[in-house]
A.B. asks: 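One structure, as structure tokens, below. Some questions next.
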There are 2 protein chains.
Amino acid sequence: MIERGAAQDALGYRPLYRQVRDVLVKRISDGVWQAGAAIPSEPELAADLGVSQGTVRKALDAMAAERLVVRRQGRGTYVARHDDARILFQFFKLVPDDGPARFPTSRFLSVGSGRADAAEASRLSLARGARVTRLERVRALDGEVCVHERIVVEKARFADLEKRELPNNLYEMYATSYGVPVARAVERLKAMGAPAGIAAALGVAEGAPLLQVDRVATAIDGAPVEWRLSLCRTDRVHYASDLR
Amino acid sequence: MIERGAAQDALGYRPLYRQVRDVLVKRISDGVWQAGAAIPSEPELAADLGVSQGTVRKALDAMAAERLVVRRQGRGTYVARHDDARILFQFFKLVPDDGPARFPTSRFLSVGSGRADAAEASRLSLARGARVTRLERVRALDGEVCVHERIVVEKARFADLEKRELPNNLYEMYATSYGVPVARAVERLKAMGAPAGIAAALGVAEGAPLLQVDRVATAIDGAPVEWRLSLCRTDRVHYASDLR
DNA sequence: CATAATTTGTCCGTATGTATC
DNA sequence: GGATACATACGGACAAATTAT
């Protein structure tokens with residue numbers, strides 16, 4: 001399973017624990033171990049892969065640092081799940097100015113599908129004209145609408161999405177119903193004036209300053225999964241960013 | 001130097017490598033090892049502290065993950081420096097929409113000192129009325145002014161700051177001239193309309209949407225060092241945020 | 001409730017590989 | 001080539017947490 005020796009690749013040598021990590025990531029990516037499932041114990045994996053327990057340990061530690069797995073002493077190592085707590089901590093950066101982070105509620109405005117335009121094709125790495133599904137919703141904190149979201153995914157990857165009951169936590173649905181866990185996301189933030197249509201939905205005047213969040217979410221293997229364009233009122237809410 | 005045994009603290013037991021890490025952090029914080037200096041080798045530290053090399057290694061690995069030190073195979077472990085490359089990568093999140101991140105230029109508008117108001121005292125953990133130094137500057141990318149910054153620091157910690165030649169990279173000056181390295185920063189982002197005075201400096205109309213970045217930078221030990229309130233034009237520039 | 005088994009966390013020691021000077 | 005330093009890999013021992021018995 002694992003190639004030994006330094007002469008594996010003339011160009012790039014990869015440490016053993018790195019190769020072990022890649023094997024384990026692939027098993028998660030292939031669905032051998034589903035989200036929330038327990039991974040075999042360290043001694044089992046070591047025997048299975050023919051390496052020492054310490055090497056397996058280093059690979060799992062690296063994956064825990066990447067938030068791909070969760071380790072619990074005395075219990076085992078589990079594939080990370082997209083429960084609300086994790087989403088709130090890792091992917092939802094909009095926090096009330098006073099008080100702690102809370103999970104927002106959602107109300108869907110429209111669901112439809114069509115063919116990818118240039119921007120959609122580019123962000124999702126699709127061919128121009130590929131079939132996509134589009135969602136539009138507003139989200140509220142404390143009953144106050146503060147975010148408008150336009151969400152685009154590849155239709156082939158998320159079949160019959162428009163016929164489903166759409167949950168508040170979409171990433172959890174991607175992982176559990178479609179086997180596509182979101183591992184990370186890249187966001188580009190700008191300030192812009194509220195467009196006419198969206199201003200009404202957010203209850204602000206046209207041209208009022210809004211925070212635009214342009215997010216591409218990617219899977220474990222780096223492939224883009226979802227493009228999300230959010231417009232946020234930041235009257236009583238701010239975007240929290242931790243630089244370290 | 002290091003307390004052994006589990007009975008050290010009835011409430012919170014701390015692993016040995018954690019204690020080692022704290023000792024090493026304190027030495028950096030106390031200026032025993034200056035920014036950019038080489039830390040003693042792993043075997044030396046192990047002998048010095050009376051622990052194994054593996055424990056020292058785990059402590060240094062944790063510090064490397066926190067970006068407090070930089071490890072270089074074959075050379076040694078060094079206290080992290082605030083050179084332009086690091087600032088650009090870790091603390092400067094404003095990136096041109098097309099093209100790679102670049103370091104901005106600065107033009108200082110005013111330097112002065114006074115007594116901390118409520119907001120300043122709160123962010124810097126000072127007593128109301130403590131002496132502070134205030135800087136105001138605009139920054140440009142590609143010759144185009146895009147950021148206005150108001151910067152506040154405690155006067156006692158940064159003596160005679162207003163008499164100095166002020167550099168573009170302030171964090172490097174904090175570290176090398178005052179021995180106060182910035183370890184991390186917490187930012188709160190909002191969209192807001194341009195105030196009258198600042199709109200002119202940025203070359204936009206009053207009320208034009210700007211990105212406000214409210215940043216508190218903290219030292220290794222968590223103490224606040226600087227409060228910085230930035231207002232950014234995001235016409236051709238965006239704030240990059242990586243969620244993982 | 002107590003005990004044992006399992007699993008991860010911590011700590012140690014040693015050997016070898018790779019990078020740098 | 002040699003010396004030094006960090007990186008990788010292995011193995012073993014015990015501690016702490018959890019679960020099953």
Side-chain angles (χ1 to χ4, degrees), chain A residues 1-24 33 36-80, chain B residues 1-24 33 36-80:
Chain A
M1 175 61 84
I2 305 255
E3 304 263 338
R4 299 301 285 269
Q8 178 203 350
D9 193 354
L11 201 60
Y13 156 75
R14 294 157 65 89
L16 193 52
Y17 78 90
R18 240 301 193 180
Q19 300 175 45
V20 171
R21 177 224 172 249
D22 292 345
V23 169
L24 300 182
W33 300 317
I39 288 179
S41 72
E42 293 175 2
E44 278 181 88
L45 287 174
D48 179 19
L49 299 172
V51 301
S52 78
Q53 182 178 352
T55 301
V56 170
R57 165 167 307 250
K58 188 154 185 182
L60 288 175
D61 283 343
M63 291 169 72
E66 296 177 89
R67 301 171 184 277
L68 300 181
V69 298
V70 175
R71 317 198 66 177
R72 267 178 279 191
Q73 187 173 356
R75 295 184 58 182
T77 303
Y78 300 82
V79 181
Chain B
M1 175 60 83
I2 306 258
E3 305 262 337
R4 299 301 286 271
Q8 180 203 349
D9 193 355
L11 200 61
Y13 156 76
R14 294 156 66 91
L16 195 50
Y17 77 90
R18 240 301 193 177
Q19 300 175 45
V20 171
R21 178 227 172 248
D22 291 346
V23 168
L24 301 182
W33 301 317
I39 287 178
S41 73
E42 291 176 1
E44 278 181 87
L45 287 173
D48 178 21
L49 299 172
V51 301
S52 79
Q53 182 178 352
T55 301
V56 171
R57 165 169 302 268
K58 192 155 182 180
L60 289 175
D61 283 343
M63 292 170 70
E66 295 176 87
R67 300 172 185 276
L68 301 181
V69 298
V70 176
R71 317 198 67 176
R72 267 177 278 191
Q73 187 173 354
R75 296 185 57 183
T77 303
Y78 300 82
V79 181

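Residue numbers begin at 1 in each chain, while the letters A, B, ... track the order of the sequences.
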A.B. asks: Using only side-chain N and O atoms of B/Arg71, determine if any of them is under 4.0 Å from OP1 or OP2 of D/dA7.
C.D. replies: yes
A.B. asks: Please give, in whole Å, the distance from D/dA9 C1' to A/Arg18 CZ?
C.D. replies: 17 Å
A.B. asks: To the nearest angstrom, how far is B/Glu42 atom CD from C/dG13 atom P?
C.D. replies: 14 Å
A.B. asks: Specify the separation, in whole Å, of atom CD of B/Glu44 and atom C1' of D/dC6.
C.D. replies: 13 Å
A.B. asks: Quick one: label A/Arg57 by what it contacts on the DNA or RNA (base, sugar-phosphate, nothing), any heavy atom closer than 4.0 Å.
C.D. replies: base
A.B. asks: Partner lookup for C/dC1, please. Criteria are Watson-Crick or G-U wobble with both distances under 3.5 angstrom; report none if nothing qualifies.
C.D. replies: none
A.B. asks: Please check the phosphate of D/dC6 (OP1 and OP2 only) for any side-chain N or O of B/Thr77 closer than 4.0 Å.
C.D. replies: yes
A.B. asks: Any side-chain heavy atom of A/Arg21 within less than 4.5 Å of one from A/Leu68?
C.D. replies: yes
A.B. asks: Please lay out, stage by stage, how B/Arg71 and B/Asp61 fare under the test side chain to side chain contact (heavy atoms under 4.5 Å, CB included).
C.D. replies: CA-CA 8 Å; B/Arg71 317 198 67 176; B/Asp61 283 343; 2.5 Å; yes
A.B. asks: Is any side-chain N or O of B/Arg75 closer than 4.0 Å to OP1 or OP2 of D/dC6?
C.D. replies: no
A.B. asks: I'd like to check A/Tyr17 versus A/Val51 (side-chain heavy atoms, cut-off strictly below 4.5 Å). Are they in contact?
C.D. replies: no
A.B. asks: Check every strand shown and say whether B/Gln53 touches a base, only sugar-phosphate, or nothing at a heavy-atom separation below 4.0 Å.
C.D. replies: nothing
A.B. asks: Given D/dA9, is OP1 or OP2 found less than 4.0 Å from the side-chain N or O atoms of A/Lys58?
C.D. replies: no
A.B. asks: Return the value, rounded to whole Å, for the distance between atom CG of A/Leu49 and atom P of D/dA9.
C.D. replies: 13 Å
A.B. asks: Would you kindly give the CD-to-P distance between B/Gln73 and C/dG17, to the nearest whole Å?
C.D. replies: 13 Å
A.B. asks: Over how many whole Å does the gap from B/Leu16 atom CG to D/dA16 atom P extend?
C.D. replies: 13 Å
A.B. asks: Base, sugar-phosphate, or nothing for B/Gly76, non-hydrogen atoms under 4.0 angstrom?
C.D. replies: sugar-phosphate
A.B. asks: When the distance from OH of A/Tyr17 to P of C/dG17 is rounded to whole Å, what number comes out?
C.D. replies: 18 Å
A.B. asks: Given side chains that start at C-beta, do those of A/Ile39 and A/Leu45 come closer than 4.5 Å, heavy atoms only?
C.D. replies: yes
A.B. asks: Check every atom of D/dC10, C/dG13, C/dG9 against the side chain of B/Ser52 and return the nucleotide holding the closest atom.
C.D. replies: C/dG13
A.B. asks: On a heavy-atom basis, which atom in B/Val69 and which in B/Leu60 lie closest, and how many Å separate them?
C.D. replies: CG2-O, 4.0 Å
A.B. asks: Nearest-Å distance, CE (B/Met63) to C1' (D/dC6)?
C.D. replies: 16 Å
